[in-house]
2 protein chains.
Amino acid sequence: MAYYEADTFGHAVRTGRPVAEMCASKGTSFEHFGAKQAHYDNHAVIYYEGDPAKRLYELASGTVMLYKLLPDGRRQVVEVLRPGDLFGLSGAEENDCTAETLTDAKVNEIDLRHVEKSADLQRHLTKCLTKQMRVLHEHAVLLGRKSAVERVASFLMHLVPNRGGLGCVGPVDDTEDGYDLQLHMTRQEIADYLGLTIETVSRVVSDMKRRGIIRVDRSDKIHLNKVCGLCQMTGMH
Amino acid sequence: MAYYEADTFGHAVRTGRPVAEMCASKGTSFEHFGAKQAHYDNHAVIYYEGDPAKRLYELASGTVMLYKLLPDGRRQVVEVLRPGDLFGLSGAEENDCTAETLTDAKVNEIDLRHVEKSADLQRHLTKCLTKQMRVLHEHAVLLGRKSAVERVASFLMHLVPNRGGLGCVGPVDDTEDGYDLQLHMTRQEIADYLGLTIETVSRVVSDMKRRGIIRVDRSDKIHLNKVCGLCQMTGMH
DNA sequence: CGAGCGCTTGACAGATCTCAATAAAAGTGG
DNA sequence: CCACTTTTATTGAGATCTGTCAAGCGCTCG
């Protein structure tokens, strides 16, 4: 079924020409620019830090993380990507991060030599990179200035659509302000993303559970009882 | 004299047309694309976080920092920019950071509406943004995973050209491996960049002084006695 | 010379990390 | 379907690093 979609996209490539409007209207996905789509299983490495950078990647579905390692094994997850995000552009001969899937993922891949040529694609790149840069800025604040509780609260809030950010719509309903979410990361991955240890993440989650802010149905299935309450804990209000 | 250069650049704008080769050959500076150059004094704010994003900026000379504030006053400096770097692209209606000079600075400014149009400019943007993203990734590792000593050591190493990074050339001379550097940031600014407190930065610097790794001639004039030795303290070897 | 600002230093507190044990969940093979 | 192993998550106790608060130092400039 997933494979079907790939074929559909492949077809679009064969018939379509790069058209700015198509790109702009659809927002994400650049299969129009001669990309081939690849599938990756859960926890598959797409490329390693230090590998020669050959392709530009666009995440079509699923989740991918980018991380860097220090020689002694410390790891920092620098980005958690969602569909539409780009990766593989390191600005050098070699990739600056390792890219690894967090779920099954579909990825559009374009040879870097082709990227240079298309003006529409360049415009698309600028837009995507700018957006990702904004996220990196906010994450720098989290890593540099937030407490463990604020980091975890911010992390959870980012998984709730249309809440917490600039376009926060507030509680939909006065009495009900819950939200069910599915984590695609282990505690270790979350810790490495938030610049904490696995034990600290676990303790903060347990604490939120004890205080009735969240309910943990399974370690990767968490119900937020009060989204607004959680948002107050992010350090941003 | 600085003003003279601005005139020279301004002249180039009036006579030249956007040419990819000009841009590529010079590497930085996009005065060819109809930019106006502005001068800012030391510690002048170019724009505030939350202001409407109207222009794209390219730093022509000097140093600029981008920072974000939390409501309680905590500050994180998210980027320290060098000539050739871009800023002002937030990917939204409003700037996501405040931009403030750390020195006198010359800045090329283009109205965002003009940016859309030029393909060459877009290509230039992609290249610059990619490079800055790489720096942000590395800084995330610093903020998330490095100790105070490693952070300060990394910070100082970044101020030494051609050392520490991928293209490290090693000591030029077997006996001499010193380097004189000029900080353009106060201890507070450094602390806010490294995710530390001013006291911790001060203590780490004093400690390095005591151990003979650096010599502090003035609080903003630091001599590195052994660049290689300092590099060993960054956590990256 | 004195005021003001930035920097340094000390003593202490507290948050997070480390190490270790236990518990829970997921995968394996009979 | 059930032991059994392996992995992942939780919890506790203690150590450590960095932050907090407060005082003192040393420029720079009027």
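B:Arg145 places its CZ atom 15 Å from the C1' atom of D:dC17, with the value rounded to the nearest Å. Between the CD atom of A:Gln188 and the C1' atom of D:dT7 there is a distance of 12 Å, rounded to whole Å. Separating the CG atom of B:Leu194 from the P atom of D:dC17 is a distance of 18 Å, rounded to the nearest angstrom. Following rounding to the nearest Å, A:Arg210 (CZ) and D:dT10 (C1') show an atom-to-atom distance of 10 Å. At whole-Å resolution of the value, CZ in A:Arg74 and P in D:dC17 are 13 Å apart. When the P atom of D:dA9 is taken as reference, atom CG of A:Asp192 falls 12 Å away, rounded to whole Å. Between A:Ile214 atom CD1 and D:dA9 atom C1' the separation is 14 Å, expressed in whole Å. Protein atom CG of A:Asp220 is 9 Å distant from nucleotide atom P of D:dA9, rounded to whole Å.
The pair B:Lys54-B:Glu109 does not count as a salt bridge, with every side-chain nitrogen at least 4.0 angstrom from each carboxylate oxygen. The pair A:Asp207-A:Arg203 does not count as a salt bridge, with every side-chain nitrogen at least 4.0 angstrom from each carboxylate oxygen. Under the 4.0 Å criterion applied to side-chain N and carboxylate O atoms, B:Asp192 and A:Arg145 are assigned as salt-bridge partners.
The side chain of A:Ser202 contributes no N or O atom lying less than 4.0 Å from OP1 or OP2 of D:dT11.
With a cutoff of under 4.0 Å to any heavy atom of chain B, the contacted region of DNA chain C is bounded 5' to 3' by C:dC7 to C:dA11.
Considering every non-hydrogen atom in both B:Leu136 and B:Val78, the closest pair reads CD2-O, 3.5 Å.
Summary of the strand contacts: B:Met185 and A:Thr200 both lie near DNA chain C, and taking for each the nucleotide with the nearest heavy atom, the more 5' one is attributed to B:Met185. Nucleotides of DNA chain D nearest to A:Arg187 and B:Ala148 differ in position, and the one nearer the 5' end is that of A:Arg187. Place A:Ser147 and A:Glu199 on DNA chain C by their nearest nucleotides, and A:Ser147 ends up nearer the 5' end.
Taking A:Tyr47 as the reference, nothing meets the side chain to side chain donor-acceptor pair (under 3.5 Å) condition, with sequence neighbours excluded.
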- Item | Test salt bridge (Lys or Arg N to Asp or Glu O under 4.0 Å) applied to B:Glu79 and B:Lys68, step by step | CA-CA 10 Å; B:Glu79 295 192 59; B:Lys68 286 171 75 73; over 6 Å; no
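If you check the side chains of A:Glu49 and A:Asn95, you find no donor sitting under 3.5 Å from an acceptor.
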